[in-house]
Number of protein chains: 2
Amino acid sequence: MFRALADPTRRVMVERLCHGPASVSELARPFDMSLPAVVQHLQVLEGSGLVRTRKVGRVRTCAIDTGALSLAEKWINERRTSWERRLDRLGDFLAEAEPDQGV
Amino acid sequence: MFRALADPTRRVMVERLCHGPASVSELARPFDMSLPAVVQHLQVLEGSGLVRTRKVGRVRTCAIDTGALSLAEKWINERRTSWERRLDRLGDFLAEAEPDQGV
DNA sequence: GTTATACTTAATCATATGCTTAACCAAAAT
DNA sequence: ATTTTGGTTAAGCATATGATTAAGTATAAC
């Protein structure tokens, strides 16, 4: 998941897909890069669960699956709040240990 | 930033640091890995702004900087809400185009 | 002063990643 | 039926990444 977002090209692709679905060649347009390269990035995104694709006729349509996005968001949020809780406890401890130093 | 979180070892290191600061060798303990390897991961984390370190005497102490974490959280959140806004607009459009199909 | 500790630096190496070109396939358009 | 379009597969290549070992440095302990 994070590995998928680690590449700038893939992040731009995700940003693009957040504005709506797109075909492979639409996705490829902004990049100065061969189609197979774009498809490879797409496979990484799909493998990470960030993007779902469906082929109808000869055109493959891609859309983001925000489920994966919110999973990553959740992970980050958990770590952050874990750290902030720690800071709170530390604050309590300091307040208890040296109450005359409190604000 | 995402690149720093892309590696499982580094994610574990971040998780560890969310419970409080640690020295390099404390950080290294859970891993079956040489010290230099751990230090290299640490440099990536520091370069990404996720971790700040300070050397006092001969021991380097590491702590997370949640600023970078919330930056990543923000990026993800922006994409997600962008997508969700789109879904809303789409819903409005459908409701307007075919009002008799509404719930 | 000598030894042990806590890293650091440097060199090296295997594998993974991102990209390319060339050849191919199937649906659309002409 | 032929060509074009949109995408896929395969092979190869350069660089990046994650790891290792070996040697060095500086602080702390004895």
Side-chain angles (χ1 to χ4, degrees), chain A residues 1-17 19-65 68-69 72 75-76 79, chain B residues 1-17 19-65 68-69 72 75-76 79:
Chain A
M1 243 287 345
F2 284 116
R3 227 202 60 213
L5 289 178
D7 183 87
T9 302
R10 287 196 289 266
R11 279 197 302 273
V12 172
M13 288 169 75
V14 167
E15 289 182 15
R16 164 65 186 83
L17 288 178
H19 298 321
S23 73
V24 173
S25 28
E26 269 169 3
L27 261 187
R29 213 180 318 281
F31 302 107
D32 184 19
M33 187 187 294
S34 70
L35 205 51
V38 171
V39 172
Q40 282 170 34
H41 282 301
L42 207 49
Q43 282 165 355
V44 174
L45 286 171
E46 203 170 358
S48 77
L50 275 169
V51 168
R52 299 196 322 133
T53 78
R54 193 179 150 225
K55 189 161 190 175
V56 44
R58 67 181 165 178
V59 30
R60 176 174 301 278
T61 307
C62 317
I64 39 158
D65 182 347
L69 267 189
W75 188 91
I76 294 180
R79 306 306 142 214
Chain B
M1 244 283 350
F2 285 117
R3 226 201 62 213
L5 289 178
D7 184 89
T9 302
R10 286 195 290 265
R11 280 198 300 274
V12 171
M13 288 169 76
V14 166
E15 289 181 16
R16 165 64 187 80
L17 288 178
H19 297 322
S23 73
V24 172
S25 28
E26 269 169 4
L27 261 187
R29 212 180 320 281
F31 302 107
D32 183 19
M33 187 186 298
S34 70
L35 205 50
V38 170
V39 172
Q40 283 173 33
H41 281 302
L42 207 48
Q43 282 166 355
V44 174
L45 286 172
E46 203 171 358
S48 77
L50 276 168
V51 168
R52 298 195 325 132
T53 78
R54 193 179 151 222
K55 188 159 190 176
V56 42
R58 66 183 164 177
V59 30
R60 175 175 300 278
T61 307
C62 316
I64 37 158
D65 181 347
L69 266 189
W75 187 92
I76 295 180
R79 308 305 143 215

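As the structure is a prediction and not an experimental result, all values here were calculated from the model. Chain identifiers are assigned alphabetically (A, B, ...) following the order of the sequence lines, protein sequences preceding nucleic acid strands; residue numbering begins at 1 within each chain.
- When each of D/dG7, D/dT20, C/dT5 is scored by its nearest atom to the side-chain atoms of A/V59, the top-ranked nucleotide is D/dG7.
- When the C1' atom of C/dC7 is taken as reference, atom CD of B/E46 falls 14 Å away, rounded to whole Å.
- By the 4.5 Å heavy-atom criterion applied to side chains, B/R79 and A/R11 are not counted as neighbours.
- Of all nucleotides listed (C/dC19, C/dT17, C/dC7), C/dT17 comes nearest to the side chain of A/R3.
- Listed pair B/K55 / C/dT8 meets the phosphate criterion, a side-chain N or O lying under 4.0 Å from OP1 or OP2.
- Between B/E26 and A/R58, the residue whose closest nucleotide on DNA chain C is further toward the 5' end is B/E26.
- Nearest nucleotide to the B/P36 side chain, out of D/dG18, D/dT20, D/dA19: D/dT20.
- In this structure, A/D32 places its CG atom 10 Å from P of C/dT21, rounding to the nearest Å.
- Between A/L50 and A/I64, every side-chain heavy-atom pair lies at or beyond the 4.5 Å cut-off.
- Put simply, A/S34 has a side-chain N or O that comes within less than 4.0 Å of OP1 or OP2 on C/dT20.
- Taking OG of A/S23 as the start and CZ of A/R29 as the end, the distance is 6.5 Å to the nearest 0.5 Å.
- Contact annotation: the side chain of A/V24 never approaches that of A/T53 to less than 4.5 Å [non-hydrogen atoms, C-beta and beyond].
- Per the geometry, CG belonging to A/L45 stands 13 Å off C1' belonging to C/dG18, to the nearest Å.
- In this entry the distance linking NE2 of A/H41 with C1' of C/dT17 reads 9 Å, nearest Å.
- When rounded to the nearest whole Å, the span between CZ of B/R60 and P of C/dT9 equals 8 Å.
- Computed from coordinates, the A/L5 CG to C/dT17 C1' distance equals 16 Å when rounded to whole Å.
- One finds no side-chain N or O of A/S23 lying less than 4.0 angstrom from the OP1 or OP2 phosphate oxygen of D/dG6.
- Out of D/dG18, C/dC19, C/dT8, the shortest distance to the side chain of B/D7 is found at D/dG18.
- Between the P atom of C/dT21 and the CG atom of A/L35 lies a distance of 12 Å, rounded to the nearest Å.
- In this structure, A/R10 CZ and A/L45 CG are separated by 6.0 Å, a value rounded to the nearest 0.5 Å.
- Looking at heavy-atom distances under 4.0 Å, B/S25 makes contact with sugar-phosphate atoms alone, never a base.
- The distance from atom CE of A/M33 to atom C1' of D/dG7 is 17 Å, rounded to the nearest whole Å.
- Comparing A/V56 and A/Q40 along DNA chain C, the residue whose closest nucleotide (by nearest heavy atom) sits nearer the 5' end is A/Q40.
- Here the nucleotide nearest the side chain of B/T9, chosen from C/dT21, D/dA19, C/dT9, is D/dA19.
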